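One structure is given here, and the rest of the page talks about it.
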Amino acid sequence: MSEFKSVSEFNVKNVNFEIPRGYGTSVIKFYFWIGLVSAVLLRAIIIADHYSAFYAKVIWYLGVTGYLWFFMHRYHIAKRRFSVIKDLELLKKIRNQRKLSEKDIEGLDYLLWSLSVSKERSNYLVISVFSVISIVLSLVLDLGILNI
């Protein structure tokens, strides 16, 4: 009877599901820098606007375009991770403490590797630091404390 149950729980689409391949270090670093530069540019608008509306606009377009590229990439990564969890039914299997197949282990390996090499934590930290710096610089310029 237990054999029949395991066969009935077998999901054919799981067999054909292909675990995504991770990106190389150079691609990971490239997108990290795209996100970082975009974050700095968008925060630099406040300062550039004190000197030139034209340069503020140029910086805005560059920053938003970079963010668009960066966040489209992050969306793609999140979608791949979600697909592994959903298509292999990993959350359900773990919650029910079911035995994991080799494909499930491969999927978990991809997820853990992807999370461990991600630069998003660093990106969030840098964005936060530059946000604080831009707020302080903007206040300094707006209040006339520095006349640069």
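Below, all heavy atoms of this structure are taken into account, side chains as well, without hydrogens, waters or symmetry copies. Worth saying up front: this structure is predicted, and the values here are computed from it rather than measured. Residue numbers run from 1 in the order of the sequence given.
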key: Any donor-acceptor pair under 3.5 Å from Asp104 side chain to Ser101 backbone   = yes
key: Rounded distance (nearest 0.5 Å) linking atom CG of Asn123 with atom CH2 of Trp33   = 10.0 Å
remark   = So CZ of Arg74 and NZ of Lys119: to nearest 0.5 Å the spacing works out to 11.5 Å
In one Ile/Leu/Val/Met/Phe/Trp/Tyr side-chain cluster, 4.5 Å: Tyr124, Ile133 = no
inquiry  = Looking at every heavy atom in both Ser38 and Gly63, which two are closest together, and how far apart are they?
reply    = CB-O, 3.5 Å
task = Say whether, by atom type as modelled, one donor and one acceptor occur between the side chain of Ser114 and the main chain of Tyr110 under 3.5 angstrom.
result = no
ask   = For Trp113, does the CH2 atom have more than 12 heavy-atom neighbours from other residues, nucleotides or ligands under 6.0 Å away?
value = yes
query = Ring centroid separation for His73 and Tyr23, is it under 6.0 angstrom?
reply = yes
query = Between Ile85 and Leu111, is any pair of side-chain heavy atoms under 4.5 Å apart?
reply = yes
request  = Give, for atom CG of Leu90 and atom CG of Leu108, the distance between the pair rounded to the nearest 0.5 Å.
outcome  = 5.0 Å
key: Ring-face cation of Arg43 near Tyr67 (centre distance under 6.0 Å, axis angle within 45°)   = no
query = Say you draw a straight line from OH of Tyr61 to CD1 of Ile45; how long is it, rounded to the nearest 0.5 Å?
reply = 11.0 Å
inquiry  = I need the Lys86 NZ to Lys79 NZ distance, nearest 0.5 Å.
reply    = 11.0 Å
task = Just do the salt bridge (Lys or Arg N to Asp or Glu O under 4.0 Å) check on Glu120 and Arg81 with the steps written out, would you?
result = CA-CA 14 Å; Glu120 67 185 322; Arg81 289 175 182 165; 3.8 Å; yes
key: Minimal non-hydrogen separation, Leu141 against Tyr51, with atom names   = CD2-OH, 3.9 Å
query = Does one hydrophobic cluster hold both Ile145 and Leu139, with members joined at side-chain heavy-atom distances below 4.5 Å?
reply = no
message = If hydrophobic clusters are built from ILVMFWY residues whose side chains come within less than 4.5 Å, do Ile105 and Val84 share one?
response = yes
request  = Check for a donor-acceptor pair, side chain of Thr65 on one end and backbone N or O of Leu62 on the other, with a separation under 3.5 Å.
outcome  = no
message = Apply side-chain contact (heavy atoms from CB on, under 4.5 Å) to residues Leu36 and Phe70 and explain how you reach the verdict.
response = CA-CA 9 Å; Leu36 181 68; Phe70 173 76; over 6 Å; no
query = Should Val27 and Val37 be regarded as members of a common hydrophobic cluster, given that ILVMFWY residues are connected when their side-chain heavy atoms come within less than 4.5 Å of each other, either directly or indirectly?
reply = yes
pair Ile127-Ser131: side-chain heavy atoms closer than 4.5 Å = yes
query = Are any side-chain N or O atoms of Lys93 and backbone N or O atoms of Leu88, one a donor and one an acceptor, separated by less than 3.5 Å?
reply = yes
ask   = Rounded to the nearest 0.5 Å, how far does CE of Met72 lie from CD1 of Ile34?
value = 13.0 Å
remark   = Contacts of Phe30 meeting ring-ring contact (aromatic ring centres under 6.0 Å, His included) (sequence neighbours excluded), chain-then-number -> Trp69
key: Residues which pass side chain to side chain donor-acceptor pair (under 3.5 Å) with Ser83, listed by chain and number, not counting sequence neighbours   = Asp87
message = Taking atom CZ as the centre, does Arg121 end up with more than 12 heavy-atom neighbours from other residues, nucleotides or ligands that are less than 6.0 angstrom away?
response = yes
request  = Say whether Ile19 and Leu112 are linked into one hydrophobic cluster, either directly or through other cluster members, by side-chain heavy-atom distances under 4.5 angstrom.
outcome  = no
